[in-house]
Amino acid sequence: MLEVSGGAITQLELRIFEPPRLFERLLEGRSYTELLDIVARICGICPVAYQMSAVQATEQCFGIVPSDWVKRMRRLFYCGEWLESHSLHVHFLALPDVLGHASALDMAQTHAAVLERGLKLQSIGNRLIAFLGARSVHPVGACVGGFFKAPGMREAASLLSDVTEGLSVIEAQMRWLADLDLPEHAHSFTAVALQNGYEYPMDQGGHIVSTDGLSIPIESFETHFKEHQKPYSTALHCLLDDAPYWVGPLARMNLNWQHLPVVLLDLLRELGVVFPAFDMSYSLWARMAEMYHALLQARDILSVYEPDSPRIEEIVPKAGVGFGCTEAPRGLLWHRYLFDESGLIRSASIVPPTSQNQACIEADLRASLTCFGLDQPDDALRARAETIVRQYDPCISCATHFIRLSVERL
Amino acid sequence: MTDSIVVVGIGSCFGQDWIAWRVIELLRQQAIPPSFELFTCDRPGLRLLQFFQPDQSLILIDAVSSSAQLGHIHWDIGLDALMERAWVSTHGFGVDFVCLLAQKLGKMPARCTLHGIEIHDATGFVPVLPVVLEKAAAELASRLTCGGGMSHLSAKQRQQLKAKAHQLRPVIWIGNKGLTEAVHAEVDRALLDHELIKIRIQSEDRALRQQMADDLILKQSAVLVQMVGSHVTIFRKKPDPV
């Protein structure tokens with residue numbers, strides 16, 4: 001909803017109309033053994049991220065240290081999700097905007113090969129998730145302590161062949177993208193991501209840092225970050241010390257690009273892509289680079305893959321609080337659970353990336369639509385607003401093509 | 001081409017949007033041919049493309065939300081009519097998007113048919129379907145196993161029939177009285193005689209025309225070849241001579 005008076009925006013509300021999900025309350029009284037299956041249902045695009053933040057929190061509380069094999073497989077699992085989610089966003093949401101198409105259907109007329117390559121990358125991501133999760137949507141293979149099953153060598157070899165092909169595909173996509181002129185979309189909001197000082201962050205913890213100098217352990221999240229209800233939206237707004245901030249691939253990249261593998265840094269340099277970048281259009285590049293990074297890691301893990309004991313057999317619950325925080329495709333995903341001595345969840349708190357970006361999206365819409373020209377026709381304003389929202393890749397319902405914009409010109 | 005026929009029920013847990021899952025459930029309870037492979041998908045988005053194999057027969061079932069009556073069966077919707085229906089999608093990448101994308105990328109299976117059931121509510125939780133929807137699900141399941149579902153047209157066949165239909169003139173005009181028993185009897189006779197017929201439905205209301213066309217093909221076990229304005233072309237193979 002946009003209200004314009006005297007040539008200026010007097011009110012702007014991003015109303016999320018999806019019904020409330022109530023997952024945190026739904027988890028209360030449930031056992032830790034059910035946790036991963038339930039949180040996987042929060043998102044059809046990034047169920048792995050929900051499972052991995054939840055498993056991290058549970059294992060922290062119970063004092064469980066997973067084996068190196070499990071850690072590697074969790075990384076592989078997560079790589080699949082970055083690949084699948086990023087490919088969807090890049091090829092079906094962002095690129096049609098960049099190329100001036102109404103949707104990917106129109107883009108298919110002129111850039112079928114680009115979409116084919118995107119679908120290939122997405123299918124590799126889905127295969128990686130299914131490799132460990134038994135299926136790519138709402139996977140069921142992960143558990144506290146590891147995975148229910150170690151995949152066989154033949155499956156790993158077949159997947160490795162796909163992943164190796166994927167590296168050529170993503171490089172071709174990046175070289176193609178380098179020839180495009182991306183629209184300018186300057187951006188100066190505070191970026192927040194995980195940082196661990198030794199590798200590009202994904203599934204294995206670190207500190208929460210910001211471009212304004214914040215650096216806190218994940219356990220201190222609630223001291224600085226506060227969620228607020230907005231009467232017009234079913235999505236909570238999360239603020240960092242009372243101010244909007246943003247999370248996601250570009251935020252992650254701006255804070256961690258130094259930890260990318262050398263081969264990827266060299267490719268980016270060759271293509272003239274420089275991070276940090278304070279232009280939201282560059283989130284496209286951040287996703288491309290992260291897909292390349294995910295494929296490299298997947299190749300390294302799969303090329304030495306051997307089945308091993310997939311999990312810790314005996315889990316002894318402990319009463320207490322556990323925290324988990326990983327970098328979901330769309331950004332920081334923070335979980336906190338209170339368990340009792342039998343492993344039942346007494347309270348749950350889940351802060352997804354989309355809610356963290358809500359306030360920032362509104363602030364960006366306010367600035368960008370003013371810059372675009374509030375006297376533009378409603379349809380043009382709607383199209384511009386949709387493009388801006390899509391760049392943040394919020395939970396996909398909001399990222400796709402159905403913003404209903406009501407403009408009141410007073 | 002493989003002999004298997006993949007049937008996919010698409011939906012979500014919201015409201016009545018799980019109607020297609022119910023159809024699959026009913027099919028599973030029936031003695032279906034072994035060549036049938038049944039799947040349910042929860043908001044698959046682009047993942048639906050995994051079922052689009054070039055040598056496959058594919059039947060897709062989904063919920064539709066248009067101005068038709070609750071439980072109306074949108075039978076065998078051709079690709080050209082696809083975007084006219086409001087397919088229920090929570091994520092923007094609905095069955096219409098995926099089918100059209102598959103077509104543009106040359107990934108359409110050799111045979112692909114699409115059926116919908118009209119729902120009126122895709123929000124909240126509806127653990128038990130209204131009787132009218134339960135009946136519609138049973139009817140669609142029954143129709144799919146009684147030969148109608150198997151007699152769908154390949155893209156090439158449809159194209160050939162369209163070309164043939166181009167020279168046809170309407171043999172039946174449906175007026176204000178709509179689909180009376182007499183009309184159905186006349187359509188049945190015309191199909192027996194000609195296999196491929198053109199019908200004119202005289203109504204300004206496009207949704208009503210669509211509904212009548214759906215009812216016609218459902219009742220006559222025919223397949224829709226095309227619908228252009230008020231002209232509907234349908235096909236039903238003549239029974240083999242005994």
Side-chain angles (χ1 to χ4, degrees), chain A residues 16-22 26 40-41 43-45 47 84-85 87-93 96 101-123 125-127 129-130 135-138 234 386 389-390 394-403, chain B residues 8-18 20-21 37-54 65 79-109 121-127:
Chain A
I16 305 297
F17 53 84
E18 282 251 323
R21 310 288 300 283
L22 313 172
L26 186 76
R41 290 277 164 178
C43 181
I45 307 293
E84 164 260 330
S85 175
S87 183
L88 174 72
H89 182 266
V90 165
H91 301 98
F92 289 88
L93 298 170
H101 291 298
S103 78
L105 284 180
D106 293 342
M107 185 179 151
Q109 308 274 32
T110 52
H111 294 84
V114 175
L115 282 181
E116 292 274 14
R117 290 200 293 261
L119 286 169
K120 175 70 189 172
L121 292 169
Q122 200 183 358
S123 75
N126 285 336
R127 277 198 73 191
I129 296 172
R135 60 187 192 197
S136 60
V137 188
H138 308 311
T234 52
E386 282 184 350
V389 172
R390 274 196 289 276
C395 183
I396 192 164
S397 305
C398 327
T400 40
H401 300 74
F402 50 79
I403 279 190
Chain B
V8 185
I10 303 155
S12 76
C13 53
F14 293 115
Q16 302 156 345
D17 192 25
W18 56 281
W21 299 351
E37 290 180 62
L38 306 177
F39 297 91
T40 53
C41 279
D42 183 351
R43 291 156 286 175
L46 294 170
R47 289 186 181 104
L48 190 60
L49 280 174
Q50 68 184 290
F51 296 106
F52 286 65
Q53 302 297 331
S65 182
L79 269 183
D80 40 3
L82 200 58
M83 292 304 254
E84 292 174 11
R85 317 285 168 115
W87 297 90
V88 177
S89 160
T90 57
H91 287 79
F93 295 120
V95 66
D96 47 353
F97 181 93
V98 175
C99 285
L100 291 169
L101 182 68
Q103 189 192 37
K104 284 177 194 285
L105 296 178
K107 289 183 179 295
M108 280 307 278
D121 179 17
T123 58
F125 296 98
V126 180

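Every chain is numbered from 1, with letters handed out A, B, ... down the list of sequences. Fair warning: this is a prediction, and the values are worked out from it, not measured in the lab.
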Original post:
Is there a donor-acceptor contact under 3.5 Å linking the side chains of B:Asp121 and B:Thr123?
Top reply: yes

Original post:
B:Leu105 versus chain A, heavy atoms under 4.5 Å apart: side chain, backbone, both or neither?
Top reply: both

Original post:
Got a donor-acceptor contact below 3.5 angstrom from the B:Trp18 side chain to the B:Val126 backbone?
Top reply: yes

Original post:
Side chain, backbone, both or neither: which part of A:Ser123 has a heavy atom under 4.5 Å from chain B?
Top reply: neither

Subject >> side chain to side chain contact (heavy atoms under 4.5 Å, CB included) against A:Leu26, all qualifying residues, sequence neighbours excluded >> reply: A:Phe23, A:Ile38

Original post:
What part of A:Arg135 is in contact with chain B, defined as an atom under 4.5 angstrom from a non-hydrogen atom: side chain, backbone, both or neither?
Top reply: neither

**OP:** Classify the ring geometry between A:His111 and A:His101 as parallel (under 30°), tilted (30 to 60°) or perpendicular (over 60°).
**Re:** perpendicular

